[in-house]
Every structure is written in structure tokens, then in C-alpha cells.
Amino acid sequence: MADASDGLPLIELFRALPMDFRRRVLRRHGEEQLLDWLRGAGSLRAAQSPPDGDWGIWVILAGRGFGKTHAGAEWVHARAAGTRPRRIALVAPTLDVARAVMVEGDSGLLARLPPGEQMTWQPSAKRLLWGNGSEARLYSGAEPNSLRGGQFDYAWGDEFAHWPGGEDTVMNLRMATRLGAVPQILLTTTPLPLAWLKALIAEAGVVVTRGHSADNEANLPRTYLARMEKRFGGTATGRQELAGEIVDDLAGALWTRALIEQQRAAMTESPARVVVGVDPPAAGGTCGIVVAALGSDGHGYVLDDASVTGQRPEQWARAVVKAADRWQADRVIAEVNQGGDMVVATLKSVDAALPVLTVRASRGKVARAEPVAALYGEGRVFHAGVFPALEDQLCGLLADGRYAGPGASPDRADACVWALTALLLADRAGLPTIRNL
């Protein structure tokens, strides 16, 4: 579809098309829809249009309401057009989000279907088919391995900074997008301060577009931006969610990156105790699996982040047992709020002798994390290695009770908190009791 940047009003471009084509468009879409397009509702701003030059990845880092989904849908339609059928991957944080936003949303692919184009949506197959044979399939950012074996000409990944399996999914997506002469990937998101994201946008061949929510003021409710600026203007949250900035430390975060760097040190002596904290997944998300130790110096040490994403119960249970065996753990600390006795049964089905202690949370994740964050500040906890995904989640836990880090839930951070609580805080009053099974 032509856009306003062509230099002519859309209505003039439409009038230049053959009469028969114009009549078919009018019959198919109706006068109201056609006028909406011709008034410019279907056009893109310059920042939403693909960049010039030879690029492999185009990243849009922008605030909410910028028009990232609209840009993505228009880009996909343009790539799907032509005489040769194309294969396209559509990836979102979950399959449900991919369907609700990328396909069926107000700015999604169905809503942005160009005049005269034909498309078939097959929800059960998670597949879109264009009239020329081009095909797009839906994938979840929580399941990196689902992209293995796939081959694509193009790919669009939406809210990729918030994918539960973000770095691994992007890696597999890049490897699978290899068809045609010039395979390309569009990645759109409101950014997060992720080390792998920063490394990605610094690569040669990656073009970055940045934008503010206010850039799309003409298409947002008049009061929306004023209210958002009043509530979040000048804050780290506003800089991230409205201005689309990568903000390394969020205001009110329980952990900062400087604090974690300060508390990074190897454990030089044999540990007095080793435990594995487990935050079981909900609906196929990430199972938080974090190994921590109590040193002979009385300090806590985070030894490993063995978390897994998109695994079946028996698979994540095997990952827990593998971590416990590798580090010769004394106990596995498993939260049972989600799953109850089934969590223990699943773990025991893999290793009947696994020493499991169950914990049941009576407070929110942030409230549980506060005493552990204080231990870092007191110099009593160290990271014996670099754990980017875990550290990103820790830095997303805010003192006001919100979570503003990657993914829908701080599963890795919660597993870490359970492990360190068991090692250093289990004797403090008011904490959840631990029951040996």
C-alpha cells in the first residue's frame, strides 16, 4: 500500500489506478472503509517505514502507543506480496498474544489487509495464508526450540524484549530466517535494559528506530498522553514505557546493576550447604531454577541459573534434578503455590530420593524479595558468576510492589529469593515455614 511519504495524497494515488480495480475494491470493502484508507488512516509515518539500505535486522524501540504493531503489520503485508510465495514467522511473548495483537488486533494483520488483497486466517493451525501463496505461522517467545527446523524469508517479532525466552528465541529466529536473496527480521518492542538486547542493537547490519508515544499523538485519545505524562513524566518508568529509552536502573528497584557488580565474587572454599530454589512454571512458562550456597564465611553465593523455558513438567523436573546432582545440593526448595502436591510428585517421579522442602508464599514476590535485597546491601550475598537473565529480573523488582523486568513473572528471581531465604533467613520470624518431605 502506498503511504503519505510518496508525496501525493492517497486519494490521488487511488484515482491513478485502473477503473476496474477501483470498483472491485469498493465492492469488496465498502465506501466507509475505503474513505478511511484514502484519508490517510492506512498510511505510515516516516519512522514506521522500513529504512533504506542493506540491513538484516530492523529494530523499533519505542514507547507504548507509538504504532509498532501497525508498522509491523504493514511491513509483513508488503513482504508477503509478489509473485513468489514467502514464508514468514510471527513471534510474540505467547501464542495467545500473537493471535490477539499481531493477527486480530486493531492494528494487526487482518485489520491492515491492503485493498484488493485476499487472506485466510486458520486459528487452529496458527497460520495465515495470502492469495499468492505466502504463508505466516505464529510462534511463542517462551518456546525457543519451536523455531528449530523452520525456514523463513522474513520474520516479525513483537515485544521481543518481553519474551520469556528472549535471547534464545531471537538466536533461533535469526538462524531460521535464511530463505531468499535478502532475508530480513523486524523486531518491535518497548525496551528493557537487557544486556543481550544492547549487544544486538550494537551489531553491524542492525538498524534501530527509536520513538516516543507522543509521536503518534494524532491517533491516540486526546487525554491519554496528558494523563500518562502527569503520572509518569520524569520517572524511569516514563522514560522506558513512553519515551522508549533503555533505562539501566529503574526508580525504586530493589537491586541495581552497580550493587550486583559490587557483589560479584567467586566462592574460594567448599560450601557449608547448597540448595536449589525452584519456582515452578505456570502454563508452560519459565521454571526458575537457581543454585545457591552458604559459604564457610557465613555469606550466601549464587552459583548457577539453571532455569528452563517452555518445558513439560517432567522436563523441568529433570532440569532441577540435574542441577541438584551437579552441585551436590543438600535440599531442593520448591514453591508449591502453583501446583501444590503435584510439584513434589513431579520432582519425585524423576528422582524418588530427591530431598525436597516445600514453601508456600503468603506474601507477594516483591515483599519476599526485600529482605534478600537487604542482604546484598549488607555485603552478605555474592554472585559467583554472571547470570544476565536472573540479574535482569532482580533489577525489575520495584519497592512499590510492581515488577518491571523481562517476562510476565520474575520466576528466576523468585527461585533465587527462595534459595537465599532458606540459607540465610529461615530462622527469622514471619517468613513462610519450610516443611521437609
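Heavy atoms only: backbone and side chains are in, while hydrogens, waters and symmetry mates are out.
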- Task: For Leu90 and Ala136, work out which heavy atoms get closest and say how close.
- Result: CD1-CB, 3.8 Å
- Message: Checking the side chain of Glu391 only, and the main-chain atoms of Ala389 only, is there a donor and an acceptor separated by less than 3.5 Å?
- Response: no
- Any side-chain heavy-atom pair from Arg87 and Gln151 closer than 4.5 angstrom? no
- Query: Any idea which heavy atoms bring Ile185 and Leu173 closest together, and the distance?
  - Reply: CD1-O, 4.0 Å
- State whether a side-chain donor-acceptor pair under 3.5 Å links Glu335 with Trp418. yes
- Message: For Ala142 versus Thr309, what's the shortest heavy-atom pair and its separation?
- Response: O-CG2, 2.6 Å
- Examine the side chains of Glu261 and His383 and answer whether a donor and an acceptor come within less than 3.5 Å of each other. no
- Might you point out which heavy atoms bring Ser146 and Ser140 nearest each other, and give the distance in Å? OG-O, 4.3 Å
- Neighbour count >12 (heavy atoms, 6.0 Å) for atom CD, Gln328: no
- Query: Ion pair present between Arg174 and Glu203, side-chain N to carboxylate O less than 4.0 angstrom?
  - Reply: yes
- Gly72 to Leu186 - nearest heavy-atom pair and separation: CA-CD2, 3.6 Å
- Task: Please say whether more than 12 non-hydrogen atoms of neighbouring residues, nucleotides or ligands are located less than 6.0 Å from CD in Glu217.
- Result: no
- Query: Would you find more than 12 non-hydrogen atoms of other residues, nucleotides or ligands less than 6.0 Å from Asp106 atom CG?
  - Reply: no
- Query: Will you find, in the side chains of Ser409 and Asp411, an N or O donor that is under 3.5 Å from an N or O acceptor?
  - Reply: no
- Would you confirm whether Asp168, through its side chain, and Pro144, through its main-chain N or O, come within 3.5 Å as a donor-acceptor pair? no
- Return yes if some donor-acceptor pair links the side-chain N/O of Gln184 with the main-chain N/O of Trp55 below 3.5 Å, else return no. yes
- Message: Please evaluate residues Cys416 and Val302 with respect to the criterion side-chain contact (heavy atoms from CB on, under 4.5 Å), reporting the C-alpha separation (whole Å), side-chain torsions for both, the decisive distance (0.1 Å), and the verdict.
- Response: CA-CA 8 Å; Cys416 180; Val302 177; 3.9 Å; yes
- Task: Before giving the answer on side-chain contact (heavy atoms from CB on, under 4.5 Å), spell out for Leu250 and Leu398 the whole-Å C-alpha distance, their side-chain angles and the decisive distance to 0.1 Å.
- Result: CA-CA 8 Å; Leu250 297 174; Leu398 307 184; 3.8 Å; yes
- Item | Residue from Phe160, Trp163, Phe152 passing ring pair (Phe, Tyr, Trp, His ring centres under 6.0 Å) with Tyr139 | Phe152
- Verify, without hydrogens or angle tests, whether Asn216 (side chain) and Ser213 (backbone) share a donor-acceptor contact under 3.5 angstrom. no
- Any chance the side chains of Asp305 and Ser307 put a donor and an acceptor closer than 3.5 Å? yes
- Task: Please check if any side-chain donor atom of Gln393 sits under 3.5 Å from a side-chain acceptor atom of Asp414, or the reverse.
- Result: no
- Pairwise side-chain contact, Thr169 with Leu147, heavy-atom cut-off 4.5 Å (strictly under): yes
- Got a sec: does the CZ of Arg318 have more than 12 other heavy atoms crowding it under 6.0 Å? no
- Message: Do Val275 and Leu420 make a side-chain contact, defined as non-hydrogen atoms from C-beta onward lying under 4.5 Å apart?
- Response: no
- Query: Would you find a donor on one side and an acceptor on the other, under 3.5 Å apart, between the side chain of Thr286 and the backbone of Gly288?
  - Reply: no
- Task: For the pair Asp153 and Arg84, evaluate side-chain contact (heavy atoms from CB on, under 4.5 Å) and give the outcome as yes or no after the intermediate values.
- Result: CA-CA 11 Å; Asp153 296 272; Arg84 183 176 77 82; 2.7 Å; yes
- Message: Counting neighbours of CZ on Arg273 that are heavy atoms of other residues, nucleotides or ligands and sit closer than 6.0 Å, is the number greater than 12?
- Response: yes
- Determine whether the side chains of Thr69 and Ser107 contain a donor N or O and an acceptor N or O closer than 3.5 Å. no
- Message: As an exercise, state the distance from CG of Leu110 to CZ of Arg99, rounded to the nearest 0.5 Å.
- Response: 10.0 Å
- Task: Verify whether one side chain among Glu269 and Ser296 offers a donor that lies under 3.5 Å from an acceptor in the other.
- Result: yes
- Message: Both conditions, 6.0 Å and 45 degrees, for the charged tip of Arg45 above the ring of Phe66: are they met here?
- Response: yes
- Using modelled atom types only, decide if a donor and an acceptor are shared between the side chain of Arg331 and the backbone of Val276 within a distance under 3.5 Å. no
- Message: Strictly distance-based, threshold 3.5 Å: is any side-chain N or O of Arg257 a donor or acceptor partner for the main-chain N or O of Pro193?
- Response: yes
- Is any NZ, NE, NH1 or NH2 atom of the basic residue among Lys348 and Asp341 found under 4.0 Å from an Asp or Glu carboxylate oxygen of the other? no
- Item | Note, Val91 side chain near Asp158 side chain (heavy atom, < 4.5 Å) | no
- Arg148 bridged to Glu143 by N-O distance under 4.0 Å: no
- Query: If you draw a 6.0 Å radius around CZ in Arg64, do more than 12 non-hydrogen atoms from other residues or ligands fall strictly inside?
  - Reply: no
- Gln263 side-chain N/O to Val381 backbone N/O, donor-acceptor pair under 3.5 Å: yes
- Item | Spatial distance of atom CZ (Phe387) from atom CD1 (Ile260) [nearest 0.5 Å] | 11.0 Å
- Query: Is the closest basic N to carboxylate O distance between Arg137 and Glu135 below 4.0 Å?
  - Reply: yes
- Message: Looking at Asp279 and Arg412, is there a salt bridge between them, counting it only when a charged N and a carboxylate O are closer than 4.0 Å?
- Response: no
- Message: Would the distance check show the side chain of Ser134 and the main-chain N or O of Trp130 forming a donor-acceptor pair, the cut-off being under 3.5 Å?
- Response: no
- Atom pair OG1 (Thr209) and CG (Leu61), whose distance is rounded to the nearest 0.5 Å: 8.5 Å
- Query: Say you draw a straight line from CD1 of Ile60 to OG1 of Thr190; how long is it, rounded to the nearest 0.5 Å?
  - Reply: 11.0 Å
- Message: What's the separation between atom CG in Leu187 and atom CD in Glu159, rounded to the nearest 0.5 Å?
- Response: 11.5 Å
- Side-chain contact test, heavy atoms from C-beta onward, threshold under 4.5 Å: evaluate it for Val207 versus Val59 and give yes or no. no
- Looking just at side-chain N and O atoms, do Gln48 and Trp75 make a donor-acceptor pair shorter than 3.5 Å? no
- Is there side-chain contact between Pro355 and Leu357, with at least one heavy-atom pair below 4.5 Å? no
- Heavy atoms, side chains only, cut-off 4.5 Å: are Leu424 and Arg380 in contact? yes
- Message: Strictly distance-based, threshold 3.5 Å: is any side-chain N or O of Glu117 a donor or acceptor partner for the main-chain N or O of Pro114?
- Response: no
- Item | Atom pair CZ/NE2 of Arg239 and His212 - distance to nearest 0.5 Å | 11.0 Å
- Item | Residue pair Phe382 / Ala265: nearest heavy atoms and the distance that separates them | CD2-CB, 3.8 Å
- Going through the distances and angles, do Lys322 and Asp351 end up as a salt bridge (charged side-chain N to carboxylate O under 4.0 Å, His left out)? CA-CA 10 Å; Lys322 182 179 178 181; Asp351 183 353; over 6 Å; no
- Do Pro50 and Trp58 have side chains that get closer than 4.5 Å, going by heavy atoms? yes
- Test Thr189 against Lys68 for side-chain contact (heavy atoms from CB on, under 4.5 Å), laying out the working first. CA-CA 7 Å; Thr189 194; Lys68 299 184 291 293; 5.6 Å; no
